[in-house]
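Structure first, then comments.
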Amino acid sequence: MAGPAPFAKMNGIGNEIIVADMRGRADKVTAEAAIALNADAATKFDQIMAIHDAHTPGTAYYIDILNSDGTGAQACGNGTRCVVQALAAETGQKSFTFETRAGILNAQEHADGSISVDMGKPRFGWQEIPLAEEFRDTRMIELQIGPIEAPVLHSPSAVSMGNPHAIFWVDNDVWSYELDRFGPLLENHPIFPERANITIAQVTSPETMIIRTWERGAGLTKACGSAACAAVVAAARTKRTGRSVSLLTPGGGELHVLWREDDHVILTGAAEWEFSGSFDPSTGAWARDTESAA
Ligand SMILES: N[C@@H](CCC[C@H](N)C(=O)O)C(=O)O
């Protein structure tokens, strides 16, 4: 029994994140603990970023990512920014190399406080995303929702940013779509054997976009960093935008995504600390630090 672990409740432009400090211990945050923390209004979150001791030489830490339904995720751009801010505040260090289920990634805090994460290279192969059946061209896959003759959403682009994404392109207001109703159906559609993150995207210029995301394992969120990356890569691939795009997200925050010529996707944005506490990684029972902000 390793005792309570420290955590910080943070957000990445509204993406609700718990950064759990699991360094120096062998246990993991359980799905039960995640579900219990999410059931409490004070600690409700979209992802837990559990910082573990490094598994691989050359990396600082291994980050285990859990969605609010207790399932694991390979990537979380907004959560990674929160981890960087927490570790930079603790150590004074500005650059970090982490390992996640999706592989090794680099991240850094800039002088203005914004944080960039190198989310790695996108993957477009149907087996890599993965899709349940062969699509030679994943810029537009056959999938629709609503009446057959007049679908509400159709023909998304599919991309892996380490985790699976589908991007539905719309010309009008992203808020005019019932994403709370369609999201669960699309997330669990048989075409996505590992489920998928579902985004509605409106391109407003070659350099700007508005997105809303239904996250796999978390539902509607105020922002999703890997979805922002997937949307920009898919938009650039389909000639809707260039490779450097600013995105407005439902929390009112802004993210910037650059798809570099070396194929790496760089996500930049802010992160914010809310309060700190400690919790039991096996049950989710928690207490707020007394000196922590309300
Ligand atoms: N909010 C995240 C994405 C989290 C993972 C996702 N729900 C999944 O299961 O793939 C982000 O900022 O990237």
Side-chain angles (χ1 to χ4, degrees), residues 9-20 29 31 34-35 38 44-50 63-86 98 100-103 105 107 114-123 128-131 156 158-167 179 183-184 186-189 192-199 201 211-234 247-251 253-257 259 264-272:
K9 173 67 186 60
M10 303 187 70
N11 74 79
I13 64 158
N15 210 176
E16 305 290 353
I17 304 293
I18 290 177
V19 176
V29 180
I35 291 165
N38 189 52
K44 193 166 172 51
F45 67 92
D46 301 320
Q47 275 80 44
I48 294 178
M49 308 294 288
I63 313 290
D64 194 28
I65 306 169
L66 285 94
N67 287 314
S68 54
D69 70 355
T71 59
Q74 301 93 330
C76 178
N78 291 330
T80 305
R81 289 204 317 282
C82 293
V83 170
V84 168
Q85 194 189 73
F98 302 123
T100 68
R101 282 170 221 216
L105 57 85
S114 67
I115 296 153
S116 293
V117 183
D118 180 345
M119 300 286 286
K121 299 180 181 183
R123 279 170 285 161
E128 297 173 302
I129 292 169
L131 301 174
V159 183
S160 169
M161 284 306 312
N163 54 351
H165 289 271
I167 315 296
L179 190 52
L186 291 165
E187 174 192 354
N188 294 293
H189 192 283
F192 302 118
E194 294 180 12
R195 304 187 289 155
N197 298 286
I198 307 298
T199 293
I211 58 169
R212 276 179 80 202
T213 301
W214 175 274
E215 281 195 28
R216 176 179 70 164
L220 284 179
T221 59
K222 293 201 187 98
C224 177
S226 51
C229 296
V232 170
V233 162
L247 301 100
L248 271 184
T249 58
E254 194 173 288
L255 288 170
H256 184 265
V257 173
W259 185 13
H264 282 242
V265 182
I266 313 300
L267 172 74
T268 302
E272 184 184 29

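Values below: every heavy atom of this structure, side chains too, minus hydrogens, waters and symmetry copies. Both ligands and their constituent atoms are indexed starting at 1 by order of listing.
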Ignoring hydrogens, what is the shortest heavy-atom contact between Ser226 and Ala75? Give both atom names and the distance.
OG-O, 4.5 Å
Within the 4.0 Å heavy-atom shell around Asn67, which atoms of ligand 1 are there?
5 (C), 6 (C), 7 (N), 8 (C), 9 (O)
Just which atoms of ligand 1 are under 4.0 Å from any heavy atom in Ala73?
5 (C), 8 (C), 9 (O)
With heavy atoms and a 4.0 Å threshold, my read on which part of Thr221 contacts ligand 1 is neither
Tell me which part of Cys224 gets within contact of ligand 1: side chain, backbone, both or neither, using heavy atoms under 4.0 Å.
both
For Ala75, which part has a heavy atom under 4.0 Å from ligand 1: side chain, backbone, both, or neither?
backbone
Considering non-hydrogen atoms only, spot the tightest contact between Ala228 and Leu267 and give its length.
CB-CD1, 4.4 Å
Please determine if Ala218 has a nitrogen or oxygen closer than 3.5 Å to a nitrogen or oxygen of ligand 1.
no
Beyond-backbone contact of Glu215 with Gln47, side-chain heavy atoms, under 4.5 angstrom
yes
Contact check, side chains of Val29 and Asp64, non-hydrogen atoms, under 4.5 Å
no
Under 4.5 Å between any side-chain heavy atoms of Arg81 and Ile13, yes or no?
yes
Ligand 1 atoms nearer than 4.0 angstrom to some heavy atom of Asn15 are 1 (N), 2 (C), 11 (C), 12 (O)
Yes or no: does Asp46 have any heavy atom under 4.0 Å from an atom of ligand 1?
no
Locate the shortest heavy-atom distance separating Leu255 from Gly225; write the atom from each residue and the value.
CD1-CA, 4.2 Å
Starting from atom 2 (C) of ligand 1, which protein heavy atom do you reach first, and at what distance in Å?
Cys76 SG, 3.2 Å
Regarding Asn11 and Glu272, is there a side-chain donor-to-acceptor distance under 3.5 Å anywhere?
yes
Could you tell me if the side chain of Phe98 sits less than 4.5 Å from the side chain of Thr80, heavy atoms only?
yes
Hey, is Gln47 touching ligand 1 through its side chain, its backbone, both or neither, going by heavy atoms under 4.0 Å?
side chain
Scan side-chain atoms only and decide if Asp46 and Thr221 contain a donor-acceptor pair under the 3.5 Å cut-off.
no
What do you reckon, does Gly225 have a nitrogen or oxygen under 3.5 Å from a nitrogen or oxygen of ligand 1?
yes
For the residue pair Ile63 and Cys76, establish whether any side-chain heavy-atom pair is separated by less than 4.5 Å.
no
Going by the 4.0 angstrom heavy-atom rule, the piece of Asn163 near ligand 1 is side chain
Ligand-side contact atoms (ligand 1) for residue partner Asn197, heavy atom cut-off under 4.0 Å:
6 (C), 7 (N), 8 (C), 10 (O)
So the atoms of ligand 1 within less than 4.0 Å of a heavy atom of Ser226 turn out to be 3 (C), 11 (C), 12 (O), 13 (O)
Should you measure from each heavy atom of Asn78, which atoms of ligand 1 turn up under 4.0 Å away?
11 (C), 12 (O)
How far is atom 7 (N) of ligand 1 from its nearest protein heavy atom, and which residue and atom name does that atom have?
Arg216 O, 2.9 Å
